[in-house]
Amino acid sequence: MSQLEELLAAWLPRQRWFSGKGIPIQQIRIESRHRLVSSGAGGPELYLLVVQAGQRGRSSRYQVLLGARPPRSLPPELAGAAIGVCTVVSGRPRVVYDATHDTELTGLLLECFASGQPESESGPVRFRTLPGTRVRTGAHGRLLTGEQSNSSLVFGDDYVLKAFRRLWPGHNPDLELNVALAGSPYVARPCGWIEADLPGHPVPATLALLQEYVPGATDGWVLATANVRRLVEGGGGQRESAFPPVSHRRPGALREGMGLPPSTESLRLQSFAEEAELLGRTTAEVHRSLAQALPTDVLSPAAAAELADAMVERLAMASAEVPELAEHAPRVLEAYADFAEVDEPLPIQRVHGDYHLGQVIRNGSRWVLLDFEGEPTVPVRDRQRLSSPLRDVAGMLRSFDYAAGFLLVGEPPDPDLEWSARAWARTNREAFCAGYADGGGPDPDKHLTVLRAFEFDKAVYEVLYEAHNRPDWLRVPLESIASAAAARPVPG
Ligand SMILES: Nc1ncnc2c1ncn2[C@@H]1O[C@H](COP(=O)(O)OP(=O)(O)O)[C@@H](O)[C@H]1O
Ligand SMILES: O=P(O)(O)O[C@H]1O[C@H](CO)[C@@H](O[C@H]2O[C@H](CO)[C@@H](O)[C@H](O)[C@H]2O)[C@H](O)[C@H]1O
């Protein structure tokens with residue numbers, strides 16, 4: 001291993017976006033290295049590295065944006081981004097650091113888009129813009145610090161540049177789907193992308209996506225968790241207050257039907273249920289646009305069986321890593337077997353693929369959908385497969401459970417709190433499904449077997465995701481699986 005590879009081997013596992021956390025790195029190899037920009041003699045340089053990390057006999061590729069400056073010239077505000085001192089090029093020692101924190105360098109990325117030309121050593125990295133786009137330069141890129149699988153830089157109120165961290169050959173679905181949806185009011189307009197050739201692969205990999213920034217928006221996860229917290233803090237755990245049964249989709253409908261004014265709790269539940277319903281409608285609209293712009297098909301029985309097999313495989317993998325999952329496996333397997341036997345034709349199309357509350361932002365008038373990347377740890381060619389839009393519905397339903405379950409993380413057992421949290425999740429799940437069906441999507445209530453299998457599959461994915469990234473949160477998907485496994489499946 002080179003000096004830089006050794007430094008990266010120690011630094012990578014500490015990064016939020018590194019998907020192989022907790023598994024020893026056996027090998028690190030810098031597969032390619034490109035100098036993108038240099039701000040002049042003695043100034044910082046920006047390198048783009050494609051790094052292969054070997055773990056448990058498997059190799060994964062990551063993108064590292066590396067800054068390099070002469071030793072002892074790192075500004076104090078970048079001290080926390082330092083990776084170490086080594087020779088990057090031409091044998092001279094440099095202090096190397098995570099360049100996404102360096103606003104001097106990130107600003108130069110916009111200039112590469114504007115000129116279409118990086119100052120590159122060998123030219124295999126390309127900055128592309130979409131027809132009709134003139135990139136405005138001048139703003140510095142500020143790194144977002146949220147829970148992310150990638151790294152997003154916000155340039156003033158103009159753009160967001162998302163650098164994909166885990167790289168796969170092929171166009172990233174986030175680029176493909178945003179381009180297909182360009183012009184829709186429900187996505188952020190795509191402006192350009194960065195791509196690079198990967199050694200030995202005929203198709204380039206997408207390294208980053210440049211999109212218009214949606215100003216003044218808040219993401220659905222922040223809104224939902226604030227709402228669920230308010231509900232609970234406001235005494236939502238009073239069991240005598242009306243909570244709509246499953247057949248009543250709107251909170252408060254039961255009391256309304258009885259001529260009673262809405263209870264405080266149902267008003268609080270309703271405040272987010274309206275949002276959930278609108279989100280359901282918006283989701284249906286986006287699915288319709290995707291189906292119009294890109295290929296569609298119908299899932300054949302053979303393909304359904306293959307899909308069920310893939311779910312079984314994922315369950316086996318997750319159970320091997322997280323033994324608590326194994327006790328629920330028989331019921332989960334039953335759900336997958338029921339799915340494989342569904343005999344109605346299931347329309348399939350391109351879908352979001354990793355749909356949850358953190359992927360939607362709400363501005364003044366609408367919900368906007370982000371991050372059509374799919375599950376970042378799944379190879380791009382698999383993420384490009386057509387799928388049932390109900391997979392996205394299941395993803396968002398899981399997310400309502402998450403927002404409620406998150407509230408209980410670290411809390412001592414409290415049946416009232418648990419009851420309120422579950423009530424919140426159920427109300428919003430129902431509102432989302434109602435909005436989705438009203439918006440023209442396949443009615444979730446009529447596809448319960450399919451939905452149950454997709455929800456289990458997503459929760460199993462989440463178990464692995466949490467085990468690798470946020471072990472404290474593991475109980476959120478595990479408890480959902482336990483309670484869904486204990487419930488009798490409703491035919492449909
Ligand atoms: N175009 C945009 N306008 C405003 N905020 C955005 C935009 N794109 C991303 N964001 C913010 O960045 C966060 C992470 O973006 P996302 O694409 O979901 O990244 P990741 O793939 O790493 O999860 C979003 O939750 C949102 O808050
Ligand atoms: O980074 P991405 O947004 O592409 O997605 C990954 O990270 C998500 C967490 O940030 C993870 O989502 C899970 O946690 C969310 C709350 O933080 C919750 O809303 C989702 O329902 C839950 O799946 C996602 O699964 C993962 O791919």
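Throughout, numbering of the chain's residues begins at 1 and tracks the sequence. Both counts, for ligands and for their atoms, begin at 1 and track the order of listing.
Partners of Ala182 by side-chain contact (heavy atoms from CB on, under 4.5 Å), not counting sequence neighbours, listed by chain and number: Pro190. Under the salt bridge (Lys or Arg N to Asp or Glu O under 4.0 Å) criterion, Arg381 pairs with no residue, sequence neighbours left out. Partners of Arg331 under the salt bridge (Lys or Arg N to Asp or Glu O under 4.0 Å) rule, at least two apart in sequence or in another chain, are Glu334.
Residue-level proximity to ligand 2 for Lys162 is absent, since no heavy atom of it falls below 4.0 angstrom. By the criterion of a heavy-atom distance under 4.0 Å, the side chain of Asp371, and not its backbone, is placed next to ligand 2. Contacts between Glu375 and ligand 2, counted as non-hydrogen atom pairs separated by less than 4.0 Å, are absent for every part of the residue.
Distances below 4.0 Å separate heavy atoms of Ser399 from the following atoms of ligand 2: 18 (C), 19 (O), 20 (C), 21 (O). The Trp221 neighbourhood of ligand 2 comprises atoms 16 (C), 19 (O), with distances under 4.0 Å to a heavy atom of that residue. Atoms of ligand 2 found under 4.0 Å from any heavy atom of Asp354, numbered from 1 in the order shown, are 2 (P), 4 (O), 5 (O), 6 (C), 24 (C), 25 (O), 26 (C), 27 (O).
At the shortest separation from atom 10 (O) of ligand 2 among protein heavy atoms lies Glu147 O, 3.5 Å. Remark: minimum distance from atom 14 (O) of ligand 2 to any protein heavy atom is reached at Arg470 NH2, 2.9 Å. The protein heavy-atom contact nearest to atom 7 (O) of ligand 2 is Tyr465 OH, 2.8 Å. Looking from atom 25 (O) of ligand 2 to the surrounding protein, the closest heavy atom is Tyr461 CE2, 3.3 Å. Regarding atom 23 (O) of ligand 2, its nearest protein heavy-atom neighbour is Glu462 OE2, 2.7 Å.
Among protein residues, Leu144, Gln148, Ser149, Asn150, Val160, Lys162, Ala188, Glu212, Tyr213, Val214, Asp219, Gly358, Gln359, Ile361, Leu370, Asp371, Glu373 come within 4.0 Å of ligand 1, judged on heavy atoms.
Although no hydrogens or angles enter the test, the distance criterion places no donor-acceptor pair under 3.5 Å between the side chain of Asp197 and the main chain of Pro204. Between the side chain of Gln359 and the backbone N or O of Asp354 there is at least one donor-acceptor pair closer than 3.5 Å. Under a 3.5 Å cut-off, the side chain of Glu321 and the backbone N or O of Val463 do not form any donor-acceptor pair. No side-chain donor-acceptor contact under 3.5 Å links Ser399 to the backbone of Met396. Under the 3.5 Å distance criterion, the side-chain polar atoms of Arg61 are left unmatched by any main-chain donor or acceptor of Pro169.
Contact annotation: the side chain of Phe406 approaches that of Trp221 to within less than 4.5 Å [non-hydrogen atoms, C-beta and beyond].
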